[in-house]
Amino acid sequence: MTSLINDRVKALGDQAQGQLTEEFARVDAIAQENTVRVLAAFQKHRVAEGYFAGTTGYGYDDLGRDQLDQIYADLFGTEAALVRIQFVNGTHAIACALFGALKAGDVLVSAVGAPYDTLLGVVGAVDKGPGSLKDYGVAYRQVELLDNKPDLDGMAKAAADPRVKAVLIQRSKGYSTRASLSVAEIGEMCQIIKTANPNAAILVDNCYGEFVEPLEPTHVGADLVVGSLIKNPGGGLAPTGGYIAGRRDLVEGAAMRLTVPGIGGECGCTLGQNRLLYQGLFLAPHTVAQAVKTAVFAAKVMELLGYDTEPHSSALRHDIIQMIHMREPEALKKFCKGIQFGAPVDSYVTPEPWDMPGYDCQVIMAAGAFIQGASIELSADAPMREPYTVYLQGGLTFESGRLGVLLAVQELLENS
């Protein structure tokens with residue numbers, strides 16, 4: 001490590017880590033609890049080597065795939081689940097869930113302001129091409145934040161319209177500056193929405209949040225959770241895919257959208273990937289804990305340097321994302337350059353802002369990952385707009401995550 005990090009930055013890292021004993025112990029305790037849950041589910045469903053065999057073609061009678069669905073359903077406390085490598089990303093999985101829950105004449109409400117940028121085209125809030133919910137006759141509304149927090153009264157009023165058939169809650173902050181939502185907060189929101197409209201299905205974009213807490217949104221009233229396998233639940237091993245877990249009719253509706261009516265989840269070959277999905281899920285509680293520790297460490301280091309962070313290093317965590325307000329564009333670029341240098345893949349590349357599909361401004365992304373775009377691996381990205389906030393996430397091991405953060409700090413300090 002000394003060959004990569006100078007003495008000043010190394011001392012700063014040691015100082016930061018020395019002040020995080022309580023926070024790290026809390027993260028480890030949650031990882032232990034979630035590991036017990038995962039192992040119990042594996043034992044209940046008698047996971048065996050035969051589950052790892054893949055299928056081709058139609059994928060009929062894929063025992064490993066079907067049992068993994070049941071394991072996810074158990075872990076999320078739901079009636080059913082759909083875990084498929086055919087989901088290309090989290091946005092695709094969320095879109096399938098929304099299209100499965102809504103039909104022409106229905107209204108979708110986003111409960112915490114605008115959803116993540118890539119979903120704006122899905123709902124039709126912006127024109128990203130044909131095939132949006134708007135094109136199919138589904139109206140869209142959103143409840144704006146109040147003082148950068150969820151507006152519970154506004155949420156209740158919006159949901160009370162009987163035409164509202166689905167309410168979307170985004171657990172993580174996306175590229176907004178609000179705090180990510182805790183499972184308890186989501187539970188409160190679910191209660192308010194259900195009181196206002198018992199017939200509205202509550203869908204939670206759970207990306208970046210799985211296994212960060214001992215419970216998931218479906219344990220506290222959400223009807224459906226959706227996420228990406230190359231984020232938390234894939235444990236850094238899943239090569240692609242996504243999951244949907246929740247009420248059986250909603251899962252089936254999403255499955256019919258992923259494939260076609262009449263086939264749903266009955267097809268979908270696994271091409272020999274089952275072992276990685278199972279092993280990644282087994283590792284997920286530990287891997288997520290490594291990412292959370294990396295985020296906490298990054299926050300503490302940057303706080304010692306005088307930067308504003310969200311969440312603060314001492315705060316309880318609800319997802320793996322760490323915001324750092326870099327204040328100006330050049331500092332943001334330098335930080336991302338250092339993160340890229342700390343990556344095991346493409347460390348020699350210098351990230352530059354570019355016009356990324358699905359976003360309304362240039363985005364800079366630092367990510368040298370074994371799985372392309374895997375946010376559970378150390379990465380940093382940011383829209384090139386004020387307040388020039390970088391969003392750091394991931395870290396397969398704390399040791400490598402720590403090193404990446406310190407390399408980013410060193411780049412920032414040496415070239416200021």
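Taking 4.5 Å as the limit, every side-chain heavy atom of Gln142 sits out of range of all side-chain heavy atoms of Leu168. In this structure the side chain of Gln322 never reaches within 4.5 angstrom of the side chain of Val405, judged on heavy atoms. Side-chain contact between Leu407 and Gln410 is present, with heavy atoms from C-beta onward closer than 4.5 Å. Within the 4.5 Å cutoff, side-chain heavy atoms of Pro353 are placed close to those of Lys333. A 4.5 Å side-chain heavy-atom check between Leu378 and Leu396 finds every atom pair outside the cut-off. Taking the side chain as every heavy atom from C-beta outward, Val212 and Ile30 never approach each other to under 4.5 Å. The closest side-chain heavy-atom distance from Val345 to Phe370 is below 4.5 Å. A heavy-atom distance below 4.5 Å is not found between the side chains of Glu23 and Ser313.
Screening Leu133, Ile94, Val138 against Val123 for a side chain to side chain contact (heavy atoms under 4.5 Å, CB included) leaves a single residue, Leu133.
Other residues, nucleotides and ligands contribute only 12 or fewer heavy atoms inside 6.0 Å of the NZ atom of Lys337. By the neighbour-count criterion of 12 heavy atoms within 6.0 Å, atom CD of Glu328 is densely surrounded, having more than that number from other residues, nucleotides or ligands. Atom CZ of Phe341 sits in a sparse spot, with 12 or fewer heavy atoms from other residues, nucleotides or ligands closer than 6.0 Å. Counting heavy-atom neighbours within 6.0 Å of Glu144 CD, excluding the residue itself, gives a total above 12. Surrounding NZ of Lys134 are at most 12 heavy atoms belonging to other residues, nucleotides or ligands under 6.0 Å away. In Gln372, the CD atom is not crowded: 12 or fewer heavy atoms of neighbouring residues, nucleotides or ligands sit closer than 6.0 Å. For CG of Asp147, the number of neighbouring non-hydrogen atoms (other residues, nucleotides, ligands) closer than 6.0 Å is 12 at most.
In this structure, CG on Leu120 lies 10.0 Å from OG1 on Thr91, to the nearest 0.5 angstrom. Taking NZ of Lys44 as the start and CD of Gln67 as the end, the distance is 10.5 Å to the nearest 0.5 Å. Going from atom CD of Glu386 over to atom NE2 of His325 covers 13.0 Å, rounded to the nearest 0.5 Å. Going from atom CZ of Arg26 over to atom NZ of Lys293 covers 12.5 Å, rounded to the nearest 0.5 Å. Rounding to the nearest 0.5 Å places OG1 of Thr240 at 11.0 Å from CZ of Phe87. The distance from atom CD1 of Ile5 to atom CG of Leu12, rounded to the nearest 0.5 Å, is 10.5 Å.
Side-chain N or O atoms of Asn274 include one that pairs as donor or acceptor with a backbone N or O of Tyr51 at under 3.5 Å. With Tyr278 contributing its side chain and Leu68 its backbone, the two residues share a donor-acceptor pair below 3.5 Å. Side chain of Ser347 to backbone of Pro344: no donor-acceptor contact under 3.5 angstrom is found. In terms of modelled atom types and a separation under 3.5 Å, the side chain of Asn6 and the main chain of Arg8 share a donor-acceptor contact. When atom types are taken as modelled, the side chain of Gln86 and the backbone of Cys269 share a donor-acceptor pair closer than 3.5 angstrom. Here the side chain of Arg178 pairs a donor or acceptor atom with the backbone of Ser172 at under 3.5 angstrom. At distances below 3.5 Å, at least one donor-acceptor pair connects side-chain atoms of Arg248 with backbone N or O atoms of Glu79. For Thr309 (side chain) and Ile324 (main-chain N/O), no donor-acceptor pair under 3.5 Å exists by modelled atom type. Judged by distance alone, the side chain of Gln170 and the main-chain N or O of Tyr116 form a donor-acceptor pair under 3.5 Å.
Scanning all heavy atoms of the two residues, the minimum distance from Gly404 to Ile339 falls at O-CD1, 3.6 Å. Here the closest heavy-atom approach between residue Thr287 and residue Ile376 is recorded as CG2-CG1, 3.8 Å. The heavy-atom pair separating Gln273 from Pro239 by the smallest distance is OE1-CG, 3.1 Å. Contact detail for Ile230 and Ala238: the closest heavy-atom pair is CG2-O, 3.6 Å. Residue Ala331 comes nearest to Leu412 through the heavy atom pair O-CD1, 3.6 Å, listed as atom of the first residue, atom of the second, then distance. Taking every heavy atom of both residues into account, Val167 and Ala111 meet most closely at CG1-CB, 3.8 Å.
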Would you be so kind as to tabulate the donor-acceptor pairs closer than 3.5 Å made by side chains of residues 184-193, with sequence neighbours excluded?
residue	atom	partner	partner atom	Å
Glu185	OE1	Ser182	N	2.8
Glu185	OE1	Ser182	OG	3.3

Listed pairs under 3.5 Å, donor-acceptor, residues 197-206 side chains, sequence neighbours left out:
residue	atom	partner	partner atom	Å
Asn197	OD1	Asn199	N	3.0
Asn197	OD1	Ala200	N	3.3
Asn197	ND2	Ala159	O	2.9
Asn197	ND2	Asp161	O	3.3
Asn197	ND2	Val164	O	3.0
Asp205	OD1	Cys207	N	3.1
Asn206	OD1	Arg171	NH1	2.8
Asn206	ND2	Glu216	OE1	3.1
Asn206	ND2	Tyr243	OH	3.2

Quiz item: Stepwise, does the side-chain contact (heavy atoms from CB on, under 4.5 Å) test hold for His92 with Leu258?
Solution: CA-CA 9 Å; His92 183 201; Leu258 175 62; 3.8 Å; yes
Exercise. Quick one: do Val47 and Phe52 satisfy side-chain contact (heavy atoms from CB on, under 4.5 Å)? Show the steps, please.
Key: CA-CA 9 Å; Val47 173; Phe52 306 152; 4.2 Å; yes
Self-check item: side-chain contact (heavy atoms from CB on, under 4.5 Å) between Met384 and Ile364, intermediate numbers included
Solution: CA-CA 7 Å; Met384 297 302 294; Ile364 187 169; 3.8 Å; yes
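A salt bridge does not link Asp69 with Arg65: every distance from a Lys NZ or Arg NE/NH1/NH2 to an Asp or Glu carboxylate oxygen is 4.0 Å or more. With respect to the salt-bridge test (charged N to carboxylate O, under 4.0 angstrom), the residues Asp249 and Arg247 qualify. We find that Asp74 and Arg37 are not joined by a salt bridge, their nearest charged nitrogen and carboxylate oxygen being 4.0 Å or further apart. Classification of Asp151 and Lys157 as a salt-bridged pair fails, no side-chain N sitting under 4.0 Å from a carboxylate O.
Between Phe282 and Phe42, the ring planes lie tilted relative to each other; the angle falls in the 30° to 60° range. Ring geometry, Phe398 versus Phe24: the interplanar angle exceeds 60°, so the pair is classed perpendicular (tilted spans 30 to 60°). Using cut-offs of 30° and 60° for the angle between ring planes, the Phe76 and Phe211 rings count as tilted.
Residues Ser375 and Gln393 bring no donor and acceptor atom of their side chains to less than 3.5 Å of each other.
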